[in-house]
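First the proteins, then the strands, lettered A, B, ... as listed; each starts at 1. Keep in mind that what you see is a predicted model, and the values were worked out from it rather than measured.
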Amino acid sequence: MSSVIEVYNKLLKFYGKQNWWPAETPFEVCVGAILTQNTSWKNVEKALENLKELKLLSPEAILKADKETLETAIRPAGFFRQKASYLKSFSDFLMEEGGFEKLKRERTQTLRKKLLSIKGIGRETADSILLYALEKPSFVVDAYTKRLFYRIGITDSESISYEYLKSLVEGQIPPLEENIEIYKEFHALIVVHCKEKCRRKPKCQECPLRKDCLYDRIKCTASP
DNA sequence: AACCAGGAGAGAG
DNA sequence: CTCTCTCATGGT
């Protein structure tokens, strides 16, 4: 069907610029990325709010905080025992590497490997941190991306591998400095489209992808 | 009341 | 490499 870039342009025209990631600091981006693993953003917001009130939104504070305090604060985000541990190991990493500014000087692939070696940082979380906290051109793939690309016929399966889909996008939109904003917006638009808009089945006429879109493997019958 | 949400690790095959 | 199980809360 349509190319990756065409999908991006349609989504951008329809929804407008999103200015992601919703956070005040790079560290908050990272914490949010870890907390939102298989968890709705609504629950993550409560956890982030708790962390702010306890002034635990810095690597130093998280390392100092005792286990129970941290676990209680992030409990609304689910998997709180694992995630508390993940936040500790990531904070530990940040302190040893000397902070964001120092990390930014390293190459994207080097950073990606370092991030992936941290317990609790998988591919999506690593790419989210690279793109939104470290300003590196690394496209983020998630369940929405796989679902959407399958529905509009870019892929022929929803269980396509992460790295394959990532390279598919980066093949058409090269990982260059000038494309960082496109990567940021594209991922944001995919999430917004799939999470909010695409759920309104009855109003499918307003879907920017219209006839290209499949909902639950059923082709949308709305007229283009 | 089952099912899902902006996944990741560990283990088995 | 791909599959399966586990981890946990809150909203439909």
Exercise. Checking all strands, does A:L35 fall into the base, sugar-phosphate, or nothing category for heavy-atom contacts under 4.0 angstrom?
Worked result: nothing

For this session: With sequence neighbours left out, write down each residue that passes side-chain hydrogen bond (donor to acceptor under 3.5 Å, both in side chains) with A:E96, or none if nothing qualifies.
Result: none

Exercise. Closest heavy-atom contact between A:P175 and A:E170?
Worked result: CD-O, 3.8 Å

Problem set entry | Sugar-phosphate only, base, or nothing, as touched by A:F79 at under 4.0 Å among non-hydrogen atoms | base

For this session: Specify the separation, in whole Å, of atom CD of A:Q37 and atom C1' of C:dT9.
Result: 15 Å

Problem set entry | Pairwise 5' ranking along DNA chain C for A:T39 and A:K46, keeping only the more 5' one | A:T39

Seminar exercise, completed: Closest to the side chain of A:N38, out of C:dG11, C:dT9, B:dA5, is B:dA5

Problem set entry | Residues A:D127 and A:Y162: side-chain donor-acceptor under 3.5 angstrom | yes

Problem set entry | A:G120 vs A:S128, nearer the 5' end of DNA chain B by closest nucleotide | A:S128

Seminar exercise, completed: Between A:I121 and A:D142, the residue closer to the 5' end of DNA chain B by nearest nucleotide is A:D142

Exercise. When you compare B:dC4 with C:dT4, how far apart are their P atoms, in angstrom units rounded to a whole number?
Worked result: 16 Å

For this session: Determine whether the side chains of A:S159 and A:S157 contain a donor N or O and an acceptor N or O closer than 3.5 Å.
Result: yes

Problem set entry | Whole-Å distance separating the OH atom of A:Y86 from the P atom of B:dG7 | 14 Å

For this session: Measure the distance from NZ on A:K83 to P on C:dA8 and round it to the nearest whole Å.
Result: 9 Å

Problem set entry | A:T145: partners by side-chain hydrogen bond (donor to acceptor under 3.5 Å, both in side chains), with sequence neighbours left out | A:D142

For this session: Please confirm whether the backbone N or O of A:A77 pairs with a side-chain atom of A:T39, one donor and one acceptor, at under 3.5 Å?
Result: yes

Problem set entry | Under-4.0 Å side-chain N/O to phosphate OP1/OP2 contact, A:R81 with C:dA8 | yes

Exercise. Can you tell me how far P of B:dG7 sits from CD of A:E158, to the nearest Å?
Worked result: 13 Å

Exercise. When the distance from CH2 of A:W41 to P of C:dG10 is rounded to whole Å, what number comes out?
Worked result: 17 Å

Exercise. Atom CG of A:L115 and atom C1' of B:dA8: how far apart are they, to the nearest Å?
Worked result: 14 Å

Exercise. Which value, in whole Å, describes the distance between the P atoms of nucleotides B:dA10 and C:dA8?
Worked result: 14 Å

Exercise. Looking across every strand, which nucleic acid part, if any, lies under 4.0 Å from A:I34 by heavy atom: base, sugar-phosphate, or nothing?
Worked result: nothing

Exercise. Atom CG of A:L70 and atom C1' of C:dA8: how far apart are they, to the nearest Å?
Worked result: 15 Å

Problem set entry | Nucleotide nearest A:Q82 when distance is taken to its side chain, options B:dA5, C:dA8, C:dT9 | C:dA8

For this session: Could you tell me whether A:E45 and A:K52 make a salt bridge, using a distance below 4.0 angstrom between a side-chain N and a carboxylate O?
Result: no

Exercise. What integer distance in Å separates A:F80:CZ from B:dA5:C1'?
Worked result: 18 Å

For this session: Indicate, with a heavy-atom threshold strictly under 4.0 Å, whether A:T125 touches base, sugar-phosphate, or nothing.
Result: sugar-phosphate

Problem set entry | side-chain hydrogen bond (donor to acceptor under 3.5 Å, both in side chains), paired with A:E106, selected from A:K136, A:K114, A:R112 | A:K114

Exercise. Just to confirm, is there a sub-4.0 Å distance from OP1 or OP2 of B:dA5 to any side-chain nitrogen or oxygen of A:R147?
Worked result: yes

So which protein nitrogen or oxygen atoms get under 3.5 Å of nucleotides 10-13 of chain B's nitrogens or oxygens?
none

Exercise. Base, sugar-phosphate alone, or nothing: which one does A:E124 contact when heavy atoms must sit under 4.0 Å apart?
Worked result: sugar-phosphate

